Amino acid sequence: MTPSDDDSQTDQGGPPSQTHNHEPGSQHSHDTKQHTNDIDESSLSREQGTVTRFAVPEMDCPSCAGKVENSVKRLDGINDLNPQATTGTLTVSYDHERTSATAIAERVEKAGYTVEDESETSIKLTVPEMDCASCAGKIENALKKTGVTTYETRPTTGTVVVTFESSRVKEADVIKAIESAGYGVTETRTDKSGDHKAGGERESIWTSSRALKTWVSGGFVALGLLFEFFLTGQNIQIVGLLGTELLVADVLFLIAVATGGQEILRNGYYSARNLNLDIDFLMSVAILGALVASLVFGEALYFEAATLAFLFSIAELLERYSMDRARNSLRELMDLSPDEATVKRDGGTETIPVDEVAVGDIVVVKPGEKIPMDGAVVDGESAVNQAPITGESVPVDKTAGDEVYAGTINEEGYLEVEVTSAAGENTLSRIVEMVEDAQSNKTEREQFVERFSAYYTPVVVAFAVLTTVASPYVLGTTWSTAVVYGLTLLVLACPCAFVISTPVSVVSGITSAAKNGVLIKGGNHLEAMGAVDVVAFDKTGTLTKGELTVTDVVPLNGNSEEDVLRCARGLEQRSEHPIGEAIVAEAGSAGVDEREVDDFESITGKGVRANLDGTPHFAGKPGLFEELEFDLSHVHATTEGGVVTQTARQLCDRNNCLDLLEETVPELQAEGKTVVLVGTEDELEGVIAVADEIRPEAKRTVARLKQLGVARTVMLTGDNERTARAIADQVGVDEYRAELLPEDKVTAIEELVDEFDGVAMVGDGINDAPALATATVGVAMGAAGTDTALETADIALMGDDLAKLPYLYELANDANGVIRQNIWASLGVKAGLALAVPFGYVPIWLAVLAGDAGMTTAVTGNAMRLSRIRPAIDDRDTVPDS
């Protein structure tokens, strides 16, 4: 909210609340844009009160404005108010002695809308070392103390998104808080500009300072073991410390702890400082506990302390390496767009950063170069590889006027492109942003894991204490062994692999889909798609191409196909009806000659009439020619010089004639085609059938979905019953519903949702928006470059390719399977190791390598298998990559 109070008054009620947030998935949880537009306040009374303008970006329709107005009117002291849905602002004049801006903001919230503070800033920070749930927890605890409005940590991508009021919190404060948790910030990006302020390449994991210290630590551990077990004669006492004798091996183990344990103890300190019971804190306790037991109580656990320090450092490096594998899939998306563009300026060209390219600039793209910005071709011709955006395997020819997308590749020709979207707002940028943001929509399993992990760690820590104390009495172990058992359980107490098992799978699945032209807006949608039982299709533009085309030409009475099209073209070229346009287009493709046309007349509801080269001709429905007294039951077919289609060839034995009325026309109509007859007053020249052609891949897609386990397929259309039945039979759907209005489609989806667990609706993303929103999962076709489809659909097929649907379904199914495997495997291994510890079956090194590093690496590697699923090019089925 941005107060804009009258200069003569002050608001005694205080500012409105600045932290009105909605959880993801709530009614108004979609992204909002800040509005700074000034509106006319002259209509508001200023004589008796304060005037304040509120930013309500979610109030974006007249109905919304009405709800807000009715809610605010209930307050005492409201003089006048003006809700503006077009700008998302509410201007209110009120008596500050009877109400306040805070009360008004609360009434707006009660209407279901968020009052936004326009002084809020949202930044995205790159924190590469934050690669596990415990790291994120420390950062979250540190951010809580800064007074930021909202924050979101994303360990799978190493980013933190923070929203704060710039009047109260500075960006430097946020960075300082993260650094106080022990993590460095390498890059900062605001949501407005997208500028990079502090870019930096992450150093190689295996040559980092942490890795070097780990290798040194491992060397001292190896030397210690050499003296401990092989050079026992040289393992002499070196020094006494706190009444304890330190042998050569003990000193080597202590040096190993000092080198390998530095980062662990440092992170443990930050964990304790931020009150975070995570693996770093637990490992620090375990290492320090082993040293205290050795130096103070003489239990000689130097080897255990050194092993913990070295192996856990190895585990951290492996975990970071595994997480980088997941992040690389997203980095590949980010790297699709070039950093520079060649722009025409002052009669020449110059190369500038893409951030400096403005809308309207002309960008030059040479063969083999990536197209740097969204735009329209103004000069040149070329084939463009659009696979990075739409997943299309075959390059698409582009000429003047065609749209192109940033990140696609100019294969062969020279292109000049007029830029239509600024940097950070093009299709590729939106895809990357949505893939990154998809992590915030958590799956049900992910929410379960988070709830479970909150109890897991305290329970295992308590079990560790109980085991340490009770083992000597119950199991008869020595105290030193009992302490080792307790330390081993502390190692197993952090559920890192368990917590990371779901998000890393979601990131792998979503980024893999994005690279194959399928944009999934959140992990919850990926999970839901994998559980779908019913797939409902819109007909026009989804199962069909959405464009009328000529499918059959039946020449009659000695005329050829060209003769029929030539007459039809002359009759229909002045018509604006889609059927006429389809016939004219077919005639043009066939290269038939034009005829002289005059006295054109449209016969409402029946057809058209015109003189062609001076002879009256007609084109229209069969009923028009019945009125002209033609015998449609006995018409001679052309057997030479013309083409008679297989579906229309019904010849009588005596006269080679067609029964148009009872056989040919009904059969064509039964196939979902519209029939047009062409002729003069004396002669019927031919029959033309026009239809919205079925997509070649539609039948294969429906069949493949059934093979993959979809229980039912349904077609929903506003078309007539006969056409709907014909299309349904050809495509192979289980059920169809015809003559549906948009609200009827919503009702149909609601009925399916009530009957089945999960329903996916596939449509064009705009006309079918209500049905898409009602379904469990809404899938939009051909969303590349379409803002509405990108914003409204749960899942968007970027290319106009229905064959991607089986790929999407199989990917979602596999993702759900991988998530289940990761959850239960990580939980089972941790639980099994923990229960085996008190019986001496689990040495501390096994707990570190198997329980921590091993499981983290395993669940990440398992999640990466999702990147192998891809749409096949040839048979259009889904196959794993080789």
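No experiment lies behind these values; they were computed from the predicted model shown. The analysis underlying the following values was restricted to heavy atoms, covering all of them including side chains, and did not include hydrogens, waters or symmetry mates.
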Taking all non-hydrogen atoms of both residues into account, name the closest pair between Pro128 and Gly184 and its distance.
CD-O, 4.0 Å
Taking every heavy atom of Ile520 against every heavy atom of His525, the minimum-distance pair comes out as CG2-CB, 4.3 Å
A side-chain contact here means heavy atoms from C-beta on lying under 4.5 Å apart; do Tyr302 and Leu254 qualify?
yes
Does any part of the side chain of Thr126, heavy atoms only, come nearer than 4.5 Å to the side chain of Val185, both counted from C-beta?
no
OG1 of Thr467 to CG of Leu489: how many Å apart, nearest 0.5 Å?
5.0 Å
Under 3.5 Å donor-acceptor, Arg210 side chain and Glu263 backbone
no
Identify the heavy atoms of Ala815 and Leu526 that sit nearest to each other, and give their distance.
CB-CD2, 3.8 Å
So, for Glu129 and Tyr183, which heavy atoms are closest and what is the spacing to 0.1 Å?
O-CE2, 3.7 Å
Could you go step by step and tell me if Ile178 and Val127 meet the side chain to side chain contact (heavy atoms under 4.5 Å, CB included) rule?
CA-CA 9 Å; Ile178 295 175; Val127 188; 4.2 Å; yes
Looking at side-chain heavy atoms only, is the closest gap between Val108 and Phe54 below 4.5 Å?
no
Separation between CG (Leu487) and OG1 (Thr307), nearest 0.5 Å, reads 11.5 Å
Test of understanding: with side-chain hydrogen bond (donor to acceptor under 3.5 Å, both in side chains), list the residues that count as partners of Glu179, not counting sequence neighbours.
none
Just how far is it from atom CZ of Arg107 to atom CD1 of Ile104, taken to the nearest 0.5 Å?
11.5 Å
Here the gap from Trp824 atom CH2 to Ile819 atom CD1, rounded to the nearest 0.5 Å, amounts to 13.5 Å
Taking atom NZ of Lys521 and atom CG of Leu519, what is their separation to the nearest 0.5 Å?
6.5 Å
Does any non-hydrogen side-chain atom of Val818 lie less than 4.5 Å from one of Asn822?
yes
Stepwise side chain to side chain contact (heavy atoms under 4.5 Å, CB included) test for Lys124 and Val160:
CA-CA 6 Å; Lys124 183 179 292 183; Val160 180; over 6 Å; no
How far apart are the closest heavy atoms of Thr146 and Asp173, and which atoms are they?
CG2-O, 4.2 Å
For a quick test of reading the model, state the closest non-hydrogen atom pair linking Ala177 to Leu143 and the distance between them.
CB-CD2, 4.3 Å
Would you confirm whether Ser217, through its side chain, and Lys213, through its main-chain N or O, come within 3.5 Å as a donor-acceptor pair?
no
What I'd like to find out is whether the side chain of Leu125 reaches to under 4.5 Å of the side chain of Val174, using heavy atoms alone.
yes
Residue pair Phe310 / Thr214, side-chain heavy-atom distance below 4.5 Å
yes
Do Val148 and Thr163 have side chains that approach each other closer than 4.5 Å (heavy atoms only, starting at C-beta)?
no
Would you call Thr468 and Tyr485 a side-chain contact if the rule is heavy atoms closer than 4.5 Å?
no
Would you give the length of the straight line joining atom OG of Ser180 to atom NZ of Lys138, rounded to the nearest 0.5 angstrom?
11.5 Å
Mind running side chain to side chain contact (heavy atoms under 4.5 Å, CB included) on Leu833 and Thr488 for me, showing each step along the way?
CA-CA 9 Å; Leu833 291 173; Thr488 305; over 6 Å; no
Look at Arg154 together with Glu152 and state whether they make a salt bridge at an N to O cut-off of under 4.0 Å.
yes
